[in-house]
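When a residue number appears, it is its place in the shown sequence, counting from 1.
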Amino acid sequence: QSGLKQCLAELRQQLAWVERLDVTSGQVVDSVSESASSKDAVDPENDFQREMSFYRQAQAAVLEALPRLRKLQVPTRRPDDYFAEMAKSDQQMQKIRQKLKSKQEAMERSEKAKQLRAMRKYGKKVQTEILQRRQKEKKNMLNAVKKYQKGLSDKLDFLDEEQTSSQGNKKGSASQRMKKGPNAKRRYKNQKFGFGGKKKGSKWNTKESFNDVSSFRSKVAHNKGPGRGGKKALNKRPGKRARQRMKSRAR
């Protein structure tokens with residue numbers, strides 16, 4: 001004990017308090033129970049109670065020291081323009097910033113890839129539905145053709161539907177363009193020379209023309225008409241070279 005007192009006397013310096021800034025606090029008042037906490041009330045084996053007693057003791061020392069510092073006109077707040085070296089260097093903070101940036105870019109790339117996969121999946125689904133619909137239409141048309149060939153049905157409506165659908169697809173854009181009517185140049189020519197009527201598509205075959213066989217000629221169809229072989233073809237006049245050879249032989 002005498003040795004401890006001797007060490008304490010050597011360490012103690014007779015300086016002003018502002019140079020030492022030491023505070024000795026007594027019993028700390030618990031803010032919950034509003035009573036002074038004794039040493040027996042803190043269990044040293046309980047980490048939470050021990051750390052809370054240290055925290056309350058430090059808080060009580062600060063509350064005691066702040067008024068004394070203000071009385072001595074010692075500033076206790078850091079100025080706004082105060083420069084202090086950080087615990088981590090600028091190089092380390094730059095590495096951390098780059099790591100965070102790379103992580104954010106990776107998340108953005110992952111999100112874009114996820115959106116692209118979703119779009120491809122949706123496009124594939126739409127394409128599959130279109131192919132299935134076309135296969136179904138083709139199957140229905142083949143079944144109708146088979147029924148017609150076997151004599152089970154005498155309807156050819158599926159041909160009309162196929163023709164109208166193909167013509168509708170080809171004329172879709174043209175009809176949209178013709179909604180506005182002809183341009184000024186076309187109107188002037190129509191006024192000057194007249195309008196001859198529709199020519200495009202006038203020779204398309206229809207159901208009535210397909211069933212009409214009044215203009216059918218068997219001789220023409222079987223290559224028996226005049227000038228197409230047969231007996232009358234023997235009386236055909238020979239060509240110029242043949243006539244010249246005949247004349248040379250006759251001389």
Side-chain angles (χ1 to χ4, degrees), residues 1-136 172-173 176 179:
Q1 186 177 2
S2 60
L4 291 176
K5 290 182 179 180
Q6 184 180 358
C7 291
L8 179 60
E10 292 176 358
L11 293 173
R12 182 176 296 173
Q13 297 178 0
Q14 300 298 328
L15 298 174
W17 179 82
V18 70
E19 298 292 338
R20 293 182 286 110
L21 296 178
D22 56 343
V23 176
T24 303
S25 61
Q27 294 181 349
V28 180
V29 179
D30 192 354
S31 59
V32 178
S33 61
E34 294 295 337
S35 62
S37 62
S38 61
K39 295 181 181 179
D40 299 334
V42 178
D43 185 7
E45 300 297 332
N46 192 336
D47 297 339
F48 180 75
Q49 290 183 3
R50 187 175 65 252
E51 293 298 329
M52 284 302 296
S53 69
F54 292 158
Y55 171 75
R56 287 194 296 269
Q57 189 175 5
Q59 188 177 17
V62 170
L63 294 176
E64 183 180 351
L66 279 177
R68 298 175 65 178
L69 290 172
R70 290 182 185 135
K71 186 176 181 180
L72 296 173
Q73 297 181 358
V74 177
T76 58
R77 290 182 178 273
R78 181 189 300 177
D80 297 334
D81 57 349
Y82 180 78
F83 177 77
E85 187 176 357
M86 303 298 292
K88 293 185 179 180
S89 61
D90 294 340
Q91 291 79 7
Q92 183 69 18
M93 295 303 296
Q94 188 69 19
K95 290 181 181 179
I96 295 173
R97 191 178 295 108
Q98 290 178 358
K99 187 174 182 180
L100 292 175
K101 186 177 180 181
S102 62
K103 187 175 181 180
Q104 184 178 1
E105 291 177 354
M107 291 176 63
E108 292 177 356
R109 287 195 298 268
S110 177
E111 188 67 23
K112 288 182 180 179
K114 189 183 296 184
Q115 292 178 1
L116 286 175
R117 286 195 297 269
M119 292 175 64
R120 289 175 184 172
K121 187 176 181 180
Y122 178 74
K124 189 175 181 180
K125 181 180 178 182
V126 173
Q127 186 178 7
T128 304
E129 291 178 355
I130 293 174
L131 291 176
Q132 290 178 355
R133 189 181 67 215
R134 289 179 180 175
Q135 290 176 359
K136 185 177 180 180
S173 59
Q176 292 178 359
K179 284 182 179 179

Determine the minimum heavy-atom distance between Glu64 and Thr24, stating which atoms define it. OE1-O, 3.9 Å

Glu129 atom CD: more than 12 heavy-atom contacts under 6.0 Å: yes

For Val74, which residues count as a side-chain contact (heavy atoms from CB on, under 4.5 Å) partner, sequence neighbours excluded? Val18, Leu69, Leu72

Looking only at heavy atoms, the pair that brings Ala65 and Val23 closest together is CB-CG2, 3.9 Å

Quiz: residues 93-118 side-chain donor-acceptor pairs under 3.5 angstrom, not counting sequence neighbours:
from, atom 1, to, atom 2, distance (Å)
Gln94, OE1, Arg97, NH1, 2.7
Ser102, OG, Gln98, O, 3.2
Ser102, OG, Lys99, O, 2.7

Set of residues satisfying salt bridge (charged side-chain N to carboxylate O under 4.0 Å, His left out) with respect to Arg68, sequence neighbours excluded: none

Going by the rule salt bridge (charged side-chain N to carboxylate O under 4.0 Å, His left out), which residues pair with Asp47 if we only count those two or more places apart in sequence or in a different chain? Arg50

Residues in salt bridge (charged side-chain N to carboxylate O under 4.0 Å, His left out) with Arg70, at least two apart? none

Considering residues at least two apart in sequence or located in another chain, which fulfil the salt bridge (charged side-chain N to carboxylate O under 4.0 Å, His left out) criterion with Asp81? none

